[in-house]
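Comments concern the structure below.
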Number of protein chains: 2
Amino acid sequence: MQITPAELEIMNVLWDNPGIGASEIADGLKDDKSWNIRTIKTLVGRLVEKGALTTEPDGRRYLYRPAIKRGDYQKKAAKQFVDRMFGGRAAPLVAHLADSRGLTPEDIADLEALLGELKK
Amino acid sequence: MQITPAELEIMNVLWDNPGIGASEIADGLKDDKSWNIRTIKTLVGRLVEKGALTTEPDGRRYLYRPAIKRGDYQKKAAKQFVDRMFGGRAAPLVAHLADSRGLTPEDIADLEALLGELKK
DNA sequence: TCGTAACGACTACAAACGTAGTCAATTGGG
DNA sequence: CCCAATTGACTACGTTTGTAGTCGTTACGA
């Protein structure tokens, strides 16, 4: 299940707001990305073909919702990314994130809690 | 500076082994990826065009070396990835990594050390 | 009631990507 | 000394991706 960056923008709107139509998707990404409604429909169509979205008729239009869970997709993508960029090692990735944008105090707290869990 | 996944394989070999020619690159990724030497040369050519590699004549051939630092590229890619997939939050990413492949004990130790640093 | 706007289905099209092939020059090994 | 193998330069080509356009239909607002 290959999702391109542009398609991911659509998925993100639908994960946040499942069961909406193409024009609502357009509203959902307003200001973020300004795509022509046809562009959005093309991307949505491709996602449906790929099986990443399910459709549900609503009058003469369709409503869409993700067929895959956001968390599942994130997990797979994260693994792929770490494998490709860091040879599978997570620590260097976190180090870079810490360096480049500064993890927020909240992030750091989250990570600490996470490590506590992992050590058990 | 946009580097595709296939090109990244080349870059990885050159980051590990700067100043080699196309056939050495082929050797460098043997077994990992089995590309035709022409494919490798095409990818290398594209990287040179993009300014990601510098060339140095060596007899009737060229030696190549990265024009950008691995760490710099990793950092930029990591930031982009986290922004696109996780809305910029690093903690969920690490949580997924922990869940999906199990961080090694070594990873966990590294992360702990890192957090110690960050809290200062 | 009538036309304009929105919808789905289909088509378009250039750039990027992955994966090589051709050609002409050159050089190292037998 | 000569030929097969290697090299750089250029070309090829199908697929994917980003970004829309066209067409025929339909439904709502004036």
Side-chain angles (χ1 to χ4, degrees), chain A residues 1-14 19-65 73 76-77 80-81 83-85, chain B residues 1-14 17 19-65 67 73 76-77 80-81 83-85:
Chain A
M1 186 109 47
Q2 172 68 341
I3 294 178
T4 74
E7 288 165 359
L8 184 59
E9 300 282 341
I10 306 289
M11 293 302 288
N12 276 327
V13 173
L14 282 166
I20 60 178
S23 48
E24 286 88 351
I25 295 175
D27 295 342
L29 32 81
K30 271 280 172 54
D31 297 349
D32 190 26
K33 292 278 170 183
S34 68
W35 281 324
N36 188 294
I37 182 66
R38 302 166 205 296
T39 299
I40 292 168
K41 289 185 181 189
T42 298
L43 293 172
V44 166
R46 287 177 185 169
L47 285 166
V48 171
E49 276 176 26
K50 290 180 186 179
L53 294 180
T54 61
T55 60
E56 166 192 345
D58 172 47
R60 78 192 197 84
R61 68 182 198 149
Y62 290 117
L63 302 184
Y64 305 96
R65 64 185 73 235
Y73 184 72
K76 222 190 44 182
Q80 262 186 57
F81 179 77
D83 285 347
R84 270 220 309 267
M85 283 296 302
Chain B
M1 186 112 45
Q2 174 66 344
I3 294 177
T4 74
E7 287 165 0
L8 184 60
E9 299 283 340
I10 306 289
M11 292 302 288
N12 277 326
V13 173
L14 283 165
N17 230 305
I20 60 178
S23 48
E24 286 88 352
I25 295 175
D27 296 341
L29 30 83
K30 271 279 171 57
D31 297 349
D32 188 28
K33 292 279 171 184
S34 68
W35 282 322
N36 189 294
I37 181 67
R38 302 168 204 296
T39 299
I40 293 168
K41 289 187 180 188
T42 299
L43 292 172
V44 166
R46 288 178 184 168
L47 285 166
V48 171
E49 274 176 28
K50 290 180 186 178
L53 294 180
T54 61
T55 61
E56 167 192 345
D58 172 47
R60 80 192 195 84
R61 67 183 199 146
Y62 289 115
L63 302 182
Y64 304 95
R65 64 184 73 236
Y73 183 72
K76 222 189 44 180
Q80 262 185 58
F81 179 77
D83 284 347
R84 271 220 307 267
M85 284 296 303

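We use all heavy atoms of the structure for the numbers below, so side chains are in, but hydrogens, waters and symmetry mates are not.
Residues A:Ser34 and A:Arg60 both approach DNA chain D. Their nearest nucleotides, taken by heavy-atom distance, put A:Ser34 toward the 5′ side.
One finds a side-chain N or O of A:Tyr62 lying less than 4.0 angstrom from the OP1 or OP2 phosphate oxygen of C:dA9. Side-chain nitrogen and oxygen atoms of A:Thr39 include at least one within less than 4.0 Å of the OP1 or OP2 phosphate oxygen of D:dA20. Considering only side-chain N and O atoms, A:Ser23 lies under 4.0 angstrom from the phosphate OP1 or OP2 of C:dC7. Here A:Trp35 does not reach the OP1 or OP2 of D:dA20: none of its side-chain N or O atoms lies under 4.0 Å away. Taking side-chain N and O atoms only, A:Lys41 has a distance below 4.0 Å to OP1 or OP2 of C:dG8.
Between the A:Lys50 side chain and the A:Gln2 main chain, a donor and an acceptor come within less than 3.5 Å of each other.
For the segment residues 2-14 of chain A, the set of residues with a heavy atom within less than 4.0 Å of an atom of DNA chain D comprises A:Gln2, A:Thr4, A:Pro5, A:Ala6, in numerical order.
For B:Lys33 and C:dT19, the NZ to P distance is 7 Å, given to the nearest whole Å. Here the C1' atom of nucleotide C:dG8 and the CG atom of A:Leu53 are 16 Å apart, to the nearest Å. Whole-Å rounding puts the B:Ile37 CD1 to D:dA5 C1' distance at 12 Å. Rounded to whole angstrom, the span from the CZ atom of A:Arg61 across to the P atom of D:dC28 amounts to 12 Å. Regarding B:Arg38, its CZ atom lies at a distance of 16 Å from the C1' atom of D:dC13, rounded to whole Å. For the pair A:Glu49 CD and D:dT15 P, the computed distance is 15 Å after rounding to whole Å. Put simply, CD1 on A:Ile40 is 11 Å from P on C:dC7, counting in whole angstrom units. Separating the CG atom of A:Asp58 from the C1' atom of C:dG8 is a distance of 14 Å, rounded to the nearest angstrom.
If you check D:dA20, C:dT19, D:dT19 against the side chain of A:Asn36, the one that comes closest is D:dA20. Listed nucleotides C:dA9, D:dG8, C:dA20 differ in distance to B:Tyr64; the shortest reach to its side chain belongs to D:dG8.
One N or O donor and one acceptor, one from the side chain of B:Arg46 and one from the base of C:dG18, sit under 3.5 Å apart.
Between atom CZ of residue A:Arg61 and atom OG1 of residue A:Thr55 there is a gap of 13.0 Å, rounded to the nearest 0.5 Å. To the nearest 0.5 Å, the span separating CD1 on A:Ile25 from CG on A:Leu43 amounts to 9.5 Å. Between atom CG of residue A:Asp58 and atom OH of residue A:Tyr64 there is a gap of 11.0 Å, rounded to the nearest 0.5 Å. One finds the NZ atom of A:Lys33 at 10.5 Å from the CD1 atom of A:Ile10 (value rounded to the nearest 0.5 Å). Rounded to the nearest 0.5 angstrom, B:Leu47 CG and B:Leu14 CG are separated by 8.5 Å.
B:Met85 approaches A:Leu8 most closely through the heavy-atom pair SD-CD2, 3.4 Å. Of all heavy-atom pairs between A:Ile3 and A:Ala52, the closest is CD1-CB, 4.4 Å.
Counting non-hydrogen atoms under 4.0 angstrom, A:Thr42 reaches a base of the nucleic acid.
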